[in-house]
Amino acid sequence: MSCLGNIIWLIFGGLLGGLSWCVAGIFWCITIIGIPIGMQCFKLASLSFAPFGKDVIYQSTRMNLIINIIWLIISGIPLAIGHLISAALLCITIIGIPFAAQSLKLARLALMPFGAKIVPIR
């Protein structure tokens with residue numbers, strides 16, 4: 001069922017969301033200091049392309065908090081707004097509600113991506 005959900009997700013907004021994560025990753029990788037942040041963006045782009053069947057677990061450290069604050073100021077807010085707009089549009093229909101839930105999961109991830117670990121749902 002998650003495979004079908006991921007295919008439908010790509011058609012109705014997942015492709016644009018995943019590409020936005022890739023663009024953010026490219027911009028971060030332009031600088032040498034931003035390469036670890038860019039690599040995290042690419043990892044999260046894979047989640048954005050196929051979010052069904054995966055969950056996010058957060059592990060907090062002080063370093064993650066500092067990087068999350070820098071991320072939030074530079075890239076996090078635009079990505080989160082994009083996912084929130086997508087969630088609002090998907091909630092219009094009853095069929096779109098599970099897809100809106102995935103978009104909200106990605107919006108939360110856009111605000112705090114560091115310290116996040118992607119795990120499969122069992």
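Small disclaimer: the values here were computed from a predicted structure and weren't measured. What's counted below: heavy atoms across the whole structure, side chains too, no hydrogens, waters or symmetry copies.
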Does the side chain of [X] reach to within under 4.5 Å of the side chain of [Y], using non-hydrogen atoms?
{"X": "P113", "Y": "K43", "result": "no"}
{"X": "L106", "Y": "L44", "result": "no"}
{"X": "F99", "Y": "F12", "result": "no"}
{"X": "D55", "Y": "I118", "result": "no"}

Is it the case that atom [atom1] in [X] sees more than 12 heavy atoms from other parts of the structure closer than 6.0 Å?
{"X": "I95", "atom1": "CD1", "value": "no"}
{"X": "I32", "atom1": "CD1", "value": "no"}
{"X": "F42", "atom1": "CZ", "value": "yes"}

Measure the [atom1]-[atom2] distance between [X] and [Y] for me, rounded to the nearest 0.5 Å.
{"X": "I97", "Y": "I92", "atom1": "CD1", "atom2": "CD1", "value": "11.0 Å"}
{"X": "I70", "Y": "L65", "atom1": "CD1", "atom2": "CG", "value": "10.0 Å"}
{"X": "I35", "Y": "C41", "atom1": "CD1", "atom2": "SG", "value": "12.5 Å"}
{"X": "L109", "Y": "Q40", "atom1": "CG", "atom2": "CD", "value": "7.5 Å"}
{"X": "C91", "Y": "L104", "atom1": "SG", "atom2": "CG", "value": "6.5 Å"}
{"X": "K54", "Y": "N6", "atom1": "NZ", "atom2": "CG", "value": "7.0 Å"}

Test of understanding: with side-chain contact (heavy atoms from CB on, under 4.5 Å), list the residues that count as partners of I37, not counting sequence neighbours.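 Scan of I37 (side-chain contact (heavy atoms from CB on, under 4.5 Å), adjacent residues dropped) gives W28, I67, W71, F114.
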Are [Y] and [X] connected in a single hydrophobic cluster, I mean Ile/Leu/Val/Met/Phe/Trp/Tyr linked by side-chain heavy atoms less than 4.5 Å apart?
{"X": "L79", "Y": "L19", "result": "no"}
{"X": "L47", "Y": "L10", "result": "no"}
{"X": "I8", "Y": "F52", "result": "yes"}
{"X": "F49", "Y": "I11", "result": "no"}

For [X] versus [Y], what's the shortest heavy-atom pair and its separation?
{"X": "C29", "Y": "G38", "answer": "SG-CA, 3.7 Å"}
{"X": "H83", "Y": "A110", "answer": "CD2-CB, 4.4 Å"}
{"X": "L111", "Y": "A80", "answer": "CD2-CB, 3.6 Å"}
{"X": "W9", "Y": "S48", "answer": "NE1-O, 2.7 Å"}

Step-by-step side-chain contact (heavy atoms from CB on, under 4.5 Å) determination, W21 to S46: CA-CA 9 Å; W21 279 99; S46 69; over 6 Å; no
